[in-house]
Number of protein chains: 2
Amino acid sequence: MKQHGATALTLAGLILLAGCTTPASERAQAPVAVAEVGSFHIGGRQVTLDGLPAKEVRFTPTSPLTRIDPNGEFEVGQMYVQYVRLAPAARRAPYPLLMWHGGGLSGVTWESTPDGRPGWQMFFLRAGHDVYVSDAVERGRASWARYPELYRSEPVFRTKKEAWELFRIGPAGSYQDAAHRSAYPGTQFPVAAFDQFMKQGVPRWLTNDAATEAAYDALVQRVCPCVIMVHSQGSTFAYTLANRYPDKIKAVVGVEPSGALDPDKVDLTPLSRVPLLFVWGDKIAATPRWQGIQAPMKKMIAALKAKGGRADEIDLPARGIAGNSHLMMMDANSDQIAALVQDWLVAQGLAGR
Amino acid sequence: MKQHGATALTLAGLILLAGCTTPASERAQAPVAVAEVGSFHIGGRQVTLDGLPAKEVRFTPTSPLTRIDPNGEFEVGQMYVQYVRLAPAARRAPYPLLMWHGGGLSGVTWESTPDGRPGWQMFFLRAGHDVYVSDAVERGRASWARYPELYRSEPVFRTKKEAWELFRIGPAGSYQDAAHRSAYPGTQFPVAAFDQFMKQGVPRWLTNDAATEAAYDALVQRVCPCVIMVHSQGSTFAYTLANRYPDKIKAVVGVEPSGALDPDKVDLTPLSRVPLLFVWGDKIAATPRWQGIQAPMKKMIAALKAKGGRADEIDLPARGIAGNSHLMMMDANSDQIAALVQDWLVAQGLAGR
């Protein structure tokens, strides 16, 4: 049954859903008006395998042997992108927000935290951004290809010990085994959910950077102008592409970015026109490996500032926010840090209140 | 700034968003009021690897060799689940809808179609269902584990030729190579997007059924009572679990389900209490391989009916709907078929208008 007053009331409801007249505190649990949830793969190419021997396999334990010919045509090198687009009345940011994950991880990084709280995907949706969460080439729903025929190396699987120490949940040497591991006192990481976190880890190759960059490039062509939020190992791709397309990439938020461009090798003039934010957690100064990771980034930041670029750093412990791990989007105070990022985006004119 | 009229107006807006007073045709493009988008991993266990040799690898082409110890603790056997929960006022179904994919595929099956139209995930969200789209063990964001140390076999990668013919886009022998392939005249599959579809394929193992069933079991414990929609190879797990938990699983919608329970080996009495729908596309009768896949399902259906169970079949060509492939949720008339499924759910009291 059609009601004549429906359109006006719907619009009023949408405006209220969008939170235009409600403070952020009331918005936190309010519904979000979503126009579409969807996904696509982008990048990649066809490859053909031939000359491999056929195999006999059983598709179930009780079925007869079936001959499988592994030769033929495949798609490789694509990445996966899932978007949540807001209704126009709910959108309060001029550009979509692309969330790129780090090494050995997938877009799940940005979804619910391992202990089940809403993640940054949801935070930035509520804050009025269209959000695109992706899985880079070889990760998660992007799929992966045979090795060594197509990928040139074996994958690397991250152990719990490596993750615990590399992500600064505890110091080097603090992880003996799952029954004997000690976190930093006061860590913000939800330690009881560490094993749950490890379920989201994915294998990683070390020989796919060119394909990954090509797929990200195709994504930028398709979706941008945009803002990129990037974690850790994904940052090399984000800075490379922002330096290539400074007019398409309106800002890069680096969440403990680990891959810098070297100003002695790359002309960073285009990148110096892109506003950059760097967010650093706790215990970096106390961790030689992280000092080593951070040093090239500090060099890049200094070079960009020398060119007049905006390269703002939020050093959380220096602001009195202690205990954040490398996985600050999963930490107990994840919303507090997201709010600092959102404030910075607002200051750049890239988000609304 | 707080407004006193806000709550009432928001509720009015939500009710309208929920479509309670608008016909389905107007609802199609209306925003959906979403309470939360989130995800979790479920199932799995810790395993420990030891005795493997260390490797020397380069993390980037220019970085020094780094020694990697592959031994340690890992999580294996988990699956990935992403949910979109509607605002209460937008929900018109009593139970969440779980969407399980088929072999060599992931939850992407249910998202946007390869040619970019909204998929069944979006259709059933708009129809008022909370929707849980998952990636089974070893697929997509569920991640996978080393073989042969943890998984007992090598994975299988599906060629384009196999997909083209197995999914009945063209008949057996119709695919020579990407430049020489012919589809069935009148196919509903978006043939121009076939290569795009192939980007969503993922490797498949043939030795993980026990772990997959265990993870699905854990999902049912966590999320159900529920309705399960399942495609192709996922159906073995759906029917097994519905037979185990007939009070938790309120219905199973089988979209060309390919794995039946054998009534000569399994007591189907519990399953006979669960309403089942089977949807069949075109060209099955003309395809010996599909006749072979369908025959055990027909046997199961007959056995359930003999027990007084509800096992309804929608044979699309028999209804005058021609040209559907095995991937009917991606076909050009995907919304038409989704609407038939939704009608059936309404008739079972499992969905609202």
Side-chain angles (χ1 to χ4, degrees), chain A residues 1 3 6 9-10 12-14 16-17 21-23 31-41 44 46 57-60 68 70 72-75 78 84 87 106 108 111-112 116 118 121-122 125 140-141 143-144 146 156-157 159-161 177-178 195-196 198-203 206 209, chain B residues 1-3 6 9-10 12-14 16-17 21-22 31-41 44 46 57-60 68 70 72-75 78 84 87 106 108 111-112 116 118 121-122 125 140-141 143-144 146 156-157 159-161 177-178 195-196 198-203 206 209:
Chain A
M1 196 182 72
Q3 295 192 345
L9 268 169
T10 302
L14 279 172
L16 286 160
L17 276 174
T21 59
T22 40
V32 175
V34 169
E36 191 184 349
V37 182
S39 69
F40 56 87
H41 285 78
Q46 178 175 292
V57 302
R58 293 183 200 279
F59 273 90
T60 74
I68 287 195
E73 296 164 335
F74 304 87
E75 289 287 314
Q78 68 279 353
V84 182
S106 74
V108 176
E111 298 178 346
S112 306
Q121 176 195 41
M122 198 67 219
L125 281 170
R141 287 174 166 179
S143 194
W144 55 278
R146 283 178 75 102
V156 175
F157 297 78
T159 65
K160 291 190 178 185
K161 175 181 171 64
D177 56 45
D195 297 302
Q196 180 66 24
M198 289 301 296
K199 294 178 190 291
Q200 74 178 256
V202 293
L206 304 174
D209 278 5
Chain B
M1 197 182 72
K2 199 163 177 176
Q3 295 192 344
L9 268 170
T10 301
L14 280 172
L16 286 161
L17 276 174
T21 59
T22 41
V32 175
V34 169
E36 190 184 349
V37 182
S39 70
F40 56 87
H41 285 78
Q46 178 174 291
V57 302
R58 295 183 199 280
F59 273 89
T60 75
I68 287 194
E73 296 164 335
F74 304 87
E75 289 288 314
Q78 67 280 354
V84 181
S106 74
V108 175
E111 299 178 345
S112 307
Q121 176 194 40
M122 198 67 219
L125 282 170
R141 286 174 167 177
S143 196
W144 55 279
R146 282 178 76 102
V156 174
F157 296 78
T159 64
K160 292 190 179 185
K161 174 181 172 62
D177 56 48
D195 297 302
Q196 180 66 24
M198 289 301 296
K199 295 178 190 291
Q200 74 178 258
V202 294
L206 304 174
D209 278 6

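All values below were derived from every heavy atom in this structure, side-chain atoms included, with hydrogens, water molecules and symmetry-related copies excluded. Every chain is numbered from 1 and lettered A, B, ... according to where its sequence line falls, protein lines coming before strand lines. The structure presented is a predicted model; accordingly, all values stated were derived computationally and were not measured.
With a threshold of 4.5 angstrom between heavy atoms, E73(B) approaches chain A through its backbone and through its side chain. Heavy-atom distances place both the backbone and the side chain of P203(A) under 4.5 Å from chain B. Both the backbone and the side chain of P118(B) have a heavy atom closer than 4.5 Å to some heavy atom of chain A. Contact annotation for S39(B): both backbone and side-chain heavy atoms come within less than 4.5 Å of a heavy atom of chain A. Looking at A178(A), the atoms closer than 4.5 Å to chain B (heavy atoms on both sides) sit in the backbone and in the side chain alike. Both the backbone and the side chain of Q200(A) come within contact range of chain B, judged by heavy atoms closer than 4.5 Å. Looking at E36(B), both its backbone and its side chain come within 4.5 Å of chain A, counting heavy atoms on both sides.
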Candidate pair I68(A) and V156(B), rule side chain to side chain contact (heavy atoms under 4.5 Å, CB included), full reasoning: CA-CA 9 Å; I68(A) 287 195; V156(B) 174; 3.8 Å; yes

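Side-chain contact check for S143(A) versus Q78(A): some heavy-atom pair is nearer than 4.5 Å. The shortest distance between side-chain heavy atoms of Q121(A) and L125(A) falls below 4.5 Å. The side-chain heavy atoms of H41(A) and E75(A), taken from C-beta on, include no pair separated by under 4.5 Å.
Between chain B and the options F40(A), F157(A), W144(A), F74(A), the largest number of non-hydrogen pairs under 4.5 Å is found for W144(A). Considering only heavy-atom pairs separated by less than 4.5 Å from chain A, the leading option among M122(B), M198(B), Q196(B), K161(B) is M122(B).
Closest approach of P70(B) to R146(B), counting heavy atoms only: CB-NH1, 3.7 Å.
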